[in-house]
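Everything on this sheet refers to the single structure shown next.
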Amino acid sequence: MKIFLSILVGLGVVLSNAANAQRIKDLATVQGVRSNQLVGYGLVVGLPGTGEQSPFTEQSFRTMLANFGISLGSGVKPKIKNVAAVAVHADLPPFVKPGQKIDITVSSIGEAASLQGGTLMQTFLKGLDGNVYAVAQGSLVVSGFGAQGGDGSRIVINTPTVGRIANGALVERAVKSGFMQDDYLTLNLNYPDFSTAQSLADTINRRLGADPDKGYSIATPIDAASVRVTAPRDVGQRVGFLATLENFEFTPAKAAARVVINSRTGTIVIGQDVRLLPAAITHGGLTVTIAENQTVTQPNALAEGETVVTTQSIVDVNLDDTRLFKFDPGVTLDELVRAVNEVGAAPGDLMAILEALREAGALQGELVVI
């Protein structure tokens with residue numbers, strides 16, 4: 001238990017070191033330079049009997065054959081156990097040009113048992129505007145595996161109905177970027193903070209020789225998340241300007257005091273700047289155990305009675321030793337962890353203590369439960 005809570009102290013040290021100088025490219029992104037999501041619908045063929053016989057798969061199969069000039073009569077029902085209908089999706093990175101390739105993910109949308117050994121037929125990948133931006137095709141790599149016995153028993157490892165194709169889609173259309181839309185570049189912080197935005201703007205102005213006090217400013221903070229930077233209009237100059245800019249180092253502001261609790265796993269992370277107001281906490285346990293035993297009451301051999309089943313309830317109450325510890329104003333993370341360790345609290349107890357402190361208004365920091 002003490003090892004677990006000591007980890008919190010180590011995390012506090014890591015969080016304190018996070019205030020060191022970092023590159024702009026590690027803390028912010030350029031507005032307009034973004035990826036785009038693509039999605040499509042297709043067929044995977046060549047499956048070893050692990051496909052499906054669903055109505056929409058059959059319809060897609062007929063359409064594919066019709067595109068090849070093959071027509072099936074309305075009364076013909078093809079057996080397509082080696083075919084599966086799939087959804088294909090991918091992320092189109094910024095500045096990708098026609099002719100380049102991107103990775104794709106293929107997922108079964110029907111009753112196919114596995115996509116292992118399958119090949120994706122030519123599939124159009126569309127963007128949000130409905131235009132085709134890439135064409136996907138190729139052999140799937142599936143990490144999952146499944147096997148089923150004759151008695152219905154089955155074992156599945158990972159997910160055999162999802163596969164990937166490295167460089168499986170050929171880009172056919174480029175997405176217009178907002179990189180050259182106006183005279184400014186906007187840097188968006190990954191974690192919005194007014195102090196960090198101001199520090200970022202000050203660093204850029206100082207490194208590039210600007211002086212906002214004299215009316216000459218290159219970088220201006222817009223809000224807690226964005227800093228607007230004057231940039232050259234020429235494409236070549238703008239690329240070189242940004243290449244220099246993104247490697248500037250500056251010191252971001254300390255994160256807000258915060259406690260994050262994962263109620264599912266019992267993981268607790270406490271920021272270094274979390275403080276406690278004066279508070280007294282009682283730690284102890286009241287254990288109530290209720291057990292029910294059923295007994296059979298049977299009459300004597302000569303008595304004219306009936307056998308009766310009765311329930312006997314046993315209630316046991318144990319009161320553990322209750323301990324009281326007091327926090328003075330401004331207690332830090334180290335002192336909080338040490339106090340909790342001394343009383344031998346479990347992670348669940350610590351969560352209860354923190355939530356009680358918040359309700360009492362004695363926790364100076366945000367408490368986030370996920």
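- Note: Tyr41 OH to Lys126 NZ = 13.0 Å, rounded to the nearest 0.5 Å.
- Residues Leu245 and Ile24 come closest through the heavy atom pair O-CD1, 3.3 Å.
- Note on Leu189: it does not cluster hydrophobically with Phe194, by side-chain heavy-atom contacts below 4.5 Å among ILVMFWY residues.
- Of all non-hydrogen atoms in Leu43 and Ala85, the two that sit nearest each other are CD2-CA, 3.9 Å.
- Of the possible donor and acceptor atoms, one in the side chain of Asn205 sits under 3.5 Å from a partner among the backbone N and O of Ala201.
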field: Test log, rule side-chain contact (heavy atoms from CB on, under 4.5 Å), inputs Val229 and Ile204
entry: CA-CA 9 Å; Val229 182; Ile204 295 174; 3.9 Å; yes

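- Counting non-hydrogen atoms of neighbouring residues, nucleotides and ligands closer than 6.0 angstrom, the CZ atom of Phe248 exceeds 12 such neighbours.
- Val39 and Val96 fall into different hydrophobic clusters, defined by Ile, Leu, Val, Met, Phe, Trp and Tyr side-chain heavy atoms under 4.5 Å apart, directly or through other members.
- The two atoms that bring Ala113 and Thr161 nearest to each other are O-CG2, 3.6 Å, heavy atoms only.
- For the residue pair Leu170 and Gly99, the shortest heavy atom distance occurs at CD1-O, 3.3 Å.
- Side-chain N or O atoms of Thr123 include one that pairs as donor or acceptor with a backbone N or O of Met121 at under 3.5 Å.
- Tyr133 and Phe124 fall into different hydrophobic clusters, where Ile, Leu, Val, Met, Phe, Trp and Tyr side chains are chained together by heavy-atom contacts under 4.5 Å.
- In this structure, Ser35 OG and Leu92 CG are separated by 8.0 Å, a value rounded to the nearest 0.5 Å.
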task: Check step by step if side-chain contact (heavy atoms from CB on, under 4.5 Å) holds for Asp103 and Arg164.
output: CA-CA 7 Å; Asp103 299 341; Arg164 285 183 60 84; 3.2 Å; yes

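- Counting only heavy atoms from C-beta outward, the side chains of Leu125 and Val88 approach each other to under 4.5 Å.
- The CD1 atom of Ile222 sits 10.0 Å away from atom OH of Tyr184, with the distance rounded to the nearest 0.5 Å.
- For the pair Thr220/Val227, no side-chain contact is recorded, criterion being any heavy-atom separation below 4.5 Å from C-beta on.
- Between Gly118 and Leu47, the closest heavy-atom pair is CA-CD2, 3.6 Å.
- If you check the side chains of Asn188 and Thr29, you find no donor sitting under 3.5 Å from an acceptor.
- Val135 and Val44 end up in different hydrophobic clusters when Ile, Leu, Val, Met, Phe, Trp and Tyr side chains are linked at under 4.5 Å.
- Within the model, atoms CG of Asn82 and OG1 of Thr119 stand 10.5 Å from one another, a figure rounded to the nearest 0.5 Å.
- Remark: the backbone N or O of Ala243 is paired with a side-chain donor or acceptor of Asn247 at under 3.5 angstrom.
- Phe241 and Tyr216 fall within the same hydrophobic cluster, defined by Ile, Leu, Val, Met, Phe, Trp and Tyr side-chain heavy atoms under 4.5 Å apart, directly or through other members.
- In this structure a side-chain-to-backbone donor-acceptor pair under 3.5 Å is missing from Gln237 to Asp234.
- With rounding to the nearest 0.5 angstrom, the OG1 atom of Thr50 is 8.5 Å from the CD atom of Gln116.
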- request: Report the C-alpha separation of Thr203 and Arg207 in whole Å, then their side-chain angles, then the decisive distance to 0.1 Å, and conclude whether the side-chain contact (heavy atoms from CB on, under 4.5 Å) test is met.
  value: CA-CA 6 Å; Thr203 299; Arg207 294 291 300 271; 4.2 Å; yes

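- Looking only at distances, no side-chain donor or acceptor of Glu246 sits under 3.5 Å from a matching main-chain atom of Lys25.
- Scanning all heavy atoms of the two residues, the minimum distance from Leu115 to Ala84 falls at CD2-CB, 3.9 Å.
- Leu187 places none of its side-chain heavy atoms less than 4.5 Å from the side chain of Gln31.
- Counting only N and O atoms by type, the side chains of Thr186 and Arg228 include no donor and acceptor under 3.5 Å apart.
- When side chains are defined from C-beta on, Pro221 counts as touching Gln198, because their heavy atoms get closer than 4.5 Å.
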- request: Please step through side-chain contact (heavy atoms from CB on, under 4.5 Å) for the pair Leu120 and Leu140, ending with a clear verdict.
  value: CA-CA 7 Å; Leu120 176 69; Leu140 275 71; 3.9 Å; yes

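- For the pairing with Pro93, the side chain to side chain contact (heavy atoms under 4.5 Å, CB included) check across Ile102, Val171, Val175 returns one residue only, Ile102.
- With Thr196 contributing its side chain and Pro192 its backbone, the two residues share no donor-acceptor pair below 3.5 Å.
- Looking only at side-chain heavy atoms (C-beta outward), Asn36 and Leu128 stay at 4.5 Å or farther from each other.
- Heavy atoms from other residues, nucleotides or ligands lying under 6.0 Å from CD of Glu249 number more than 12.
- Heavy-atom contacts from other residues, nucleotides or ligands closer than 6.0 Å to CD of Gln37 number 12 or fewer.
- Looking at Ser199 and Pro252, their side chains never come closer than 4.5 Å, going by heavy atoms from C-beta outward.
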